[in-house]
Each structure stands twice: as C-alpha cells, then as structure tokens.
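Notes follow once the structure below has been shown.
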Amino acid sequence: MKRRRFIKILASSIAGLGFGSQLAAANSNRMSRLRWNGYTMGAMGQFTIYDHDRTKANAALNKCFKEIVRMEKIFSLYDPYSEICSLNRTGVIEYPSTDWIQVLKVTDRVHHQTNGLFDPTVQTLWDHYSENQNKTLSDTLNHVGWRPLEYNRRRLNVSRNGMKFTFNGIAQGAITDRITSILKGEGFSHVLVELGETRAIGSHPDQRPWGIGIRHAKSRNTLFEMIDLEDNALASSAGYGSKIDTNGRFEHLINPLTGLCESQWRAVSVIAPTAIEADAYSTGLAFAPRSLIQKIEDQNAGIRVILQT
C-alpha cells in the first residue's frame, strides 16, 4: 500500500564545500552518473550510480531491475499473483524463500520491541475501513495480531482465519537493502538507493555525505531537518494525506492495538544501519510514546528517531 514519504534528495548541492572538496568535485566529473527511475511496491523509486565505467554501471542497473521485479512478485499487494496475495487468499506458503525468512525475522524483532505496534496484520483493518465492512471494529481486531502467523523454512501458514497481511512497512526496506547489496558486490562505492526508503553506499563523489532533506509535515515545501547519510539508511512514515476510506476519515497508518488512526506524531523518520530496520521502525513507532522511542534508541546502535508533532 502507498505510504507518504517526506524525504527529498539533495544529492547535487555542493554548497559549503571547502577548497579541497571542490577540487574533488571537479575530478569526480569524469565519473558517469546513471539513474534508474521506476515504480516499486506502488511508489516511485530510483537509484543513482556514479562510476568511471558506464558499461559496468549499465549492466548493474539491469541486474537490479530484474531483482526488483523478482521481489515484487513476493511482496507486492498490487500484483494479484504475488506470494503475499496468495498468502492472503489461502493462508499458506510452502517452502518460503530466504527473502520471506529475513523479513519475518526482522518483523518478529521490531514487533516485540515496539510492544506490538509494528504488525503486518493491519491489512485486515485496511479492508475494514476501505471496504466499509459491516463488522464492528472489535470483531475486526480479533483478526489482527502477529502471533497467529507460524513459519519455518518448510511452511508459512496462518492459524486464524480472516487475517490478511501487508509487508509494505518493511518490504520496501528489504528491497532497498537487496539492491544495495548487489551494487556493493559489484564494487560500486558512490550510490544512493531510494526505493521507498533511502540507503547510501559510501559518500557522494564530491567526498561528502549524501545530503537528504526531511520534508516538514506541516509544509511540504519546507525542510524540517537535513540529514547526512553515508553507509546507512533513512525512512519516514506519516498517515495524513493518504486516506483509505471513501469518506476520507481514516488514514493509512493504523494502530494495530486499537484499530484507530490518531497519533501524537505527524511524521516519524528513522535513521538506521539498514533500510529494512529504518522502514520497520518508522512504521512501528508512528503510535509509540516518547518513552518507548527513547528505549529503542538506547537499545539499538545506529538508530536515531526524528519526530514531528
């Protein structure tokens, strides 16, 4: 499902560089810049590669594109033949891939650390609001909860009928990390991957961190904060602006414990070592109290949470 993002790439700015960095920027002009643009998991995405070997970079882009297509066939709710759509219909996936196992393990960890606030079974609540179901909210909440999902390397199955899943709050991060891994393996050292979440490989060719601006939740033309990324990731989540019911009353971020959309945070951004972590925490902390957010920052190295009220 579509999530509102508040990240603006400012990768081309060289304001404030010293003389040495300006010289490096001039030398970096010999590098070719290649950019892929397209849609993944229902959102616009792109990644940018700087390298001296344009042929090598083009080959890597094609490899990445094929990998995005492969992972969308697993996690995309927009593809009725994807594995997650099959899980929502049948409740079973035989011999889940390593992609599933990775996502499920991270989901388990973040679900536990957020006291249940990160929960992919909120798709059931999406359906409750978007399809104007006759069920009461209490009845629908009986079909929400991560624990009834059981999995191992042989089988993934749902032990409670009527549950549905969305992994958009983590799969975009998983795809971003997978593309990052491919490009690292190909030897690229100046890359920005933005596939719903943002992850940097190394620094900008101008020998500075990648400059990322987080948009202000109350004014989309204003930046709330500038972030430097270098071998880490950033994700942002906010509910407003994307309604899921025909009357426009309910936002797409829903508290899985209450079934309600109200939150004290207008937007939550998370910096983390990986995009899958940034993605999951930015979703799960949308309804978290400040004390829990501080606890997660204290317990997880490299995690920083930026809140907008």
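Worth knowing before you read on, the calculation uses all heavy atoms, side chains too, and leaves out hydrogens, waters and symmetry mates.
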Sort and list the pairs that fulfil ring pair (Phe, Tyr, Trp, His ring centres under 6.0 Å) and have at least one residue in residues 268-309, not counting sequence neighbours.
none
Test of ring centre spacing under 6.0 Å for [X] and [Y]:
X	Y	value
Trp100	Tyr95	no
Phe224	His216	yes
Phe118	Trp146	no

If I compare all heavy atoms of Thr309 with all of Arg266, which pair ends up nearest, and what's the gap?
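So the minimum-distance heavy-atom pair works out to O-CD, 3.4 Å.
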Tell me the closest heavy-atom pair linking Ala301 and Pro273, and the distance in Å.
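That would be O-CG, 3.8 Å.
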Validation row: [X], [Y] side chains within 4.5 angstrom (heavy atoms):
X	Y	value
Leu229	Pro209	no
Phe75	Glu83	no
Arg35	Leu61	no
Leu234	Glu197	no
Ile271	Ile303	no
Asp51	Met31	no
Lys63	Glu186	yes

For the [atom1] atom of [X] and the [atom2] atom of [Y], what is their distance to the nearest 0.5 Å?
X	Y	atom1	atom2	answer
His128	Leu137	NE2	CG	5.0 Å
Leu34	Phe47	CG	CZ	10.5 Å
Leu253	Glu262	CG	CD	12.5 Å
Asp119	Arg147	CG	CZ	9.5 Å
Glu194	Met44	CD	CE	9.5 Å
Ser32	Ile49	OG	CD1	11.0 Å

Judged by atom type as modelled, is there a donor-acceptor pair below 3.5 Å linking the side chain of [X] to the main-chain atoms of [Y]?
X	Y	answer
His190	Ser203	yes
Ser159	Pro148	yes
Asp177	Ala275	yes
Thr121	Gly145	yes
Asp231	Gly202	yes

Whether Lys56 engages the ring of Phe188 as a cation-pi pair (distance to the six-membered ring centre under 6.0 angstrom, angle to the ring normal within 45°) should be assessed.
yes
Would a hydrophobic clustering, with Ile, Leu, Val, Met, Phe, Trp and Tyr connected at side-chain separations under 4.5 Å, put [X] with [Y]?
X	Y	answer
Phe165	Val92	no
Leu149	Ile101	yes
Tyr39	Val193	no

Have a look at Phe167 and tell me which of Asp279, Leu104, Ile74 forms a side chain to side chain contact (heavy atoms under 4.5 Å, CB included) with it.
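It is Leu104; the other options fail the test.
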Crowding at [atom1], [X] (>12 non-hydrogen neighbours, <6.0 Å):
X	atom1	value
Arg89	CZ	yes
Asn37	CG	yes
Tyr151	OH	yes
Arg153	CZ	no
Arg160	CZ	yes

Is the closest side-chain donor-acceptor distance between [X] and [Y] under 3.5 Å?
X	Y	value
Thr40	Glu72	yes
Asn300	Gln113	yes
Thr274	Glu277	yes
Thr136	Asp139	yes
Asn168	Tyr78	no

Output all residues satisfying salt bridge (charged side-chain N to carboxylate O under 4.0 Å, His left out) with Glu297, sequence neighbours left out; order by chain, then residue number.
none
One thing to verify: whether Arg304 and Glu225 come together as a salt bridge, which I'm taking to mean a side-chain N less than 4.0 angstrom from a carboxylate O.
yes
Should the pair Arg70-Asp99 be classified as a salt bridge under the 4.0 Å nitrogen-to-oxygen rule?
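Here Arg70 pairs with Asp99 in a salt bridge, since their nearest N and O are under 4.0 Å apart.
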